[in-house]
Amino acid sequence: AQPLVSFDLTRYHTLDEIYAFLDSLAKENPGKVQVIVGGKTHEGRQIKGVKLTLGNSKSGIVLEGGIHAREWISPASILYIVNELLHNNNADVRQLAQSHEWYIFPVVNPDGYVYTHTTNRLWRKTRKPYGLCYGSDPNRNWGYKWMSGGASNNPCSETYGGSAAFSDVETKSLSEYLTSISSKFTAYVSFHSYSQLLMFPYGHTTQHLDNYNDELQIANKAIQAISKRYGTKYKAGNVAETIYIASGSSVDWVKGTFHKPVTYTYELRDTGRHGFLLPADQIAPTALETLDSLVAMFKEAKTR
Ligand code: ING
Ligand code: ZN
């Protein structure tokens, strides 16, 4: 059938285009793709996503993208991966797609994402006014060990934690949605850029969790899979030791609240040559190598 909306997965898109694409996927794939709303924004937008049900499994995976507005490769890779999960006939990808339910939110900071298209390409935060400045860092505003390091109490800072935990409606409403589906998902994966890292909690402390060795082994399998396709090199470890101390992130909250065994954050391409301005011709390779790594990650996670 003809797609209802023609959508070029190898280009970057506006929020309206992305949301129209999600709507069209649901229309074209009844019973498989459902539009879901994970929350709302300060400027009144929805945090829109899709739920994919391609098999009988009830074990859910949440994919979170675009929490930082300027990291455009995150939503773009997620959309590319959605399309692969729906249409790729490779046995491993089909197995991965069918053996999970998928809750996928490509852009969880829609106001910020729109702002990067209209006004400031390098905007990171949300767009709620805090005194003279705008936005909290939505990856510092979650209510687990909030403001316990690597976050600022200055509203003008890029890593402002907000006036309280969940002071932004985006993090608050999304956390409520995640709580409502918490018995349905076993894995949470967040996508940022850039640095080519695959990390697991925590960010607020360098202390290792009980399952540190499992998490590292799963991550190492995943990054081996990444390098196989195009040679892209990643490093793996916990957030605090691998990138920097950071508290109030979504993944720390998910880990600290629900103790989900598989909770990861990708820092996608590149290592700084283009940084946030990654050329669109890298969307497809980034997404494909990342999907390879998800296949490896969930294969490895199943063995323990
Ligand atoms: N990096 C992430 C950030 O929020 C991170 C790193 C991931 C911190 C997970 C905490 C938890 O700073 C980018 N590039 O945004
Ligand atoms: Zn980020």
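Note that ligands are numbered from 1 as they come in the structure, with each ligand's atoms numbered from 1 the same way.
- Numbered from 1 in the order shown, with element, the atoms of ligand 1 that lie under 4.0 Å from a heavy atom of Val239 read 8 (C), 9 (C), 10 (C), 11 (C).
- Under a 4.0 Å criterion applied to the non-hydrogen atoms of Ala246, ligand 1 contributes the atoms 8 (C), 10 (C).
- Atoms of ligand 1 lying under 4.0 Å from at least one heavy atom of His68, given by number and element, are 3 (C), 4 (O), 15 (O).
- For the pair Glu267 and ligand 1, the shortest N or O to N or O distance falls below 3.5 Å.
- Taking the Zn ion (ligand 2) as reference, the nearest N/O/S atom within His68 carries the name ND1.
- Atom ND1 is the N, O or S atom of His192 at the shortest distance from the Zn ion (ligand 2).
- Side chain to side chain, Asp111 and Tyr134 fail the donor-acceptor criterion of an N or O pair below 3.5 Å.
- Considering backbone and side-chain atoms alike, Arg124 places an N or O below 3.5 Å from some N or O of ligand 1.
- For His100 and Ser59, the side-chain atoms include at least one donor-acceptor pair closer than 3.5 Å.
- The residue Ser190 has no part lying near ligand 1, judged by heavy-atom distances below 4.0 Å.
- For Asn238 and Glu241, the side-chain atoms include at least one donor-acceptor pair closer than 3.5 Å.
- The shortest heavy-atom distance from Gly203 to ligand 1 is not under 4.0 Å.
- Cation-pi geometry between Lys255 and Tyr144 is not met: the NZ or CZ atom fails to fall both under 6.0 Å from the ring centre and inside 45° of the normal.
- Taking every heavy atom of Ser249 and a limit of under 4.0 angstrom, the matching atoms of ligand 1 come to 10 (C), 11 (C).
- No side-chain donor-acceptor contact under 3.5 Å links Ser193 and Glu71.
- Of the protein's heavy atoms, Asn139 ND2, 3.9 Å lies nearest to atom 5 (C) of ligand 1.
- Between Asp137 and ligand 1, a contact under 3.5 Å exists for no N or O pair.
- For the pair Glu71 and ligand 1, the shortest N or O to N or O distance falls below 3.5 Å.
- Given atom 9 (C) of ligand 1, the protein heavy atom at minimum distance is Thr265 OG1, 3.6 Å.
- Because the distance cut-off is set at 2.8 Å, Glu267 fails to qualify as a neighbour of the Zn ion (ligand 2), as none of its N, O or S atoms comes that close.
- Side chains of Tyr230 and Glu289 form a contact here, defined as non-hydrogen atoms less than 4.5 Å apart.
- Looking from atom 12 (O) of ligand 1 to the surrounding protein, the closest heavy atom is Tyr244 OH, 2.6 Å.
- Of the residues Tyr194, Tyr12, Phe191, the one that meets the ring pair (Phe, Tyr, Trp, His ring centres under 6.0 Å) test with Trp72 is Tyr12.
- One distance of note links OG of Ser293 with OH of Tyr264; it measures 11.0 Å at 0.5 Å rounding.
- Residues Trp102 and Val82 form no side-chain contact, since every pair of their non-hydrogen atoms from C-beta on lies 4.5 Å or further apart.
- Looking at His68 and Asp137, their side chains do bring a donor and an acceptor atom within 3.5 Å of each other.
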